[in-house]
Amino acid sequence: FNGDYYLRKVFSGQIHRQLKKYPDVIVPIPVGTDTMLRRGINQVTGILELVNYSNILKVKAKRKAVRQSEKNRRQRIELIQPFELIQSQKYLIENQSILLVDDVYTTGTTIRHAASLLYHAGATSVRGFTLAR
């Protein structure tokens with residue numbers, strides 16, 4: 001987030017090789033509009049630059065009251081559902097195996113919220129893949 005976006009190239013080749021092993025529909029965890037405006041990037045889609053992925057989720061809120069990085073463990077776990085489906089992409093989910101990709105796994109709440117939506121939309125399985133824990 002401090003101008004080190006080019007470091008994604010260190011990981012993108014390895015990530016591409018790993019994700020080729022999965023026949024799943026690959027879905028990145030999205031960032032909100034305010035985050036995109038502030039950073040100018042989505043770090044997750046950045047590391048997926050060599051991978052065919054589907055943008056199926058979006059962040060509901062226009063602005064975050066508090067950034068994730070400023071929350072403690074309990075506040076992260078108590079987070080309410082931050083995502084919604086992009087309705088025009090819903091057809092990509094039904095009867096499919098989904099692989100959610102995020103940059104960092106802290107409490108698992110982000111992946112669980114996204115997985116819940118995808119299961120309700122008809123996904124047969126949902127797994128997570130993160131760069132770091």
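Note that these values count all heavy atoms, side chains included, but never hydrogens, waters or copies made by symmetry.
In terms of hydrophobic clustering, with Ile, Leu, Val, Met, Phe, Trp and Tyr side chains grouped at heavy-atom distances under 4.5 Å, Leu117 and Val27 are assigned to a common cluster. Ile86 and Leu99 fall into different hydrophobic clusters, where Ile, Leu, Val, Met, Phe, Trp and Tyr are joined by side-chain heavy atoms under 4.5 Å apart, directly or via other members. Residues Tyr119 and Leu92 share a hydrophobic cluster, clusters being chains of Ile/Leu/Val/Met/Phe/Trp/Tyr side chains in contact below 4.5 Å. By the rule that hydrophobic residues join a cluster once side-chain heavy atoms approach within less than 4.5 Å of another member, Leu48 and Val31 end up as members of separate clusters. Using a 4.5 Å cut-off between side-chain heavy atoms of Ile, Leu, Val, Met, Phe, Trp and Tyr, with links allowed through other members, Val44 and Val104 fall into different hydrophobic clusters.
For NZ of Lys60, the number of neighbouring non-hydrogen atoms (other residues, nucleotides, ligands) closer than 6.0 Å is greater than 12. Under a cut-off of 6.0 angstrom, the local environment of CD in Glu84 is crowded, with over 12 non-hydrogen atoms contributed by other residues, nucleotides or ligands.
A heavy-atom distance below 4.5 Å is not found between the side chains of Ile98 and Arg127. With contacts defined as side-chain heavy-atom distances shorter than 4.5 Å, the pair Ile29/Val101 does not qualify. Counting only heavy atoms from C-beta outward, the side chains of Leu19 and Phe129 approach each other to under 4.5 Å. Two residues are said to be in side-chain contact when any heavy atoms from C-beta on lie closer than 4.5 Å; Arg17 and Lys20 fail this criterion. In this structure, the side chains of Leu57 and Leu85 come closer than 4.5 Å at one or more pairs of heavy atoms.
Shown here for Gly32 and Val59, the closest heavy-atom pair between the two residues is N-CG2, 3.5 Å. For the pair Val25 and Gln96, the tightest heavy-atom approach, listed with the atom from each and the gap, is CG2-OE1, 3.8 Å. Nearest approach of Pro28 to Ser54, heavy atoms of both residues: CD-O, 3.4 Å.
Here NE2 of His113 is found 13.0 Å from CG of Leu118. Values are rounded to the nearest 0.5 Å.
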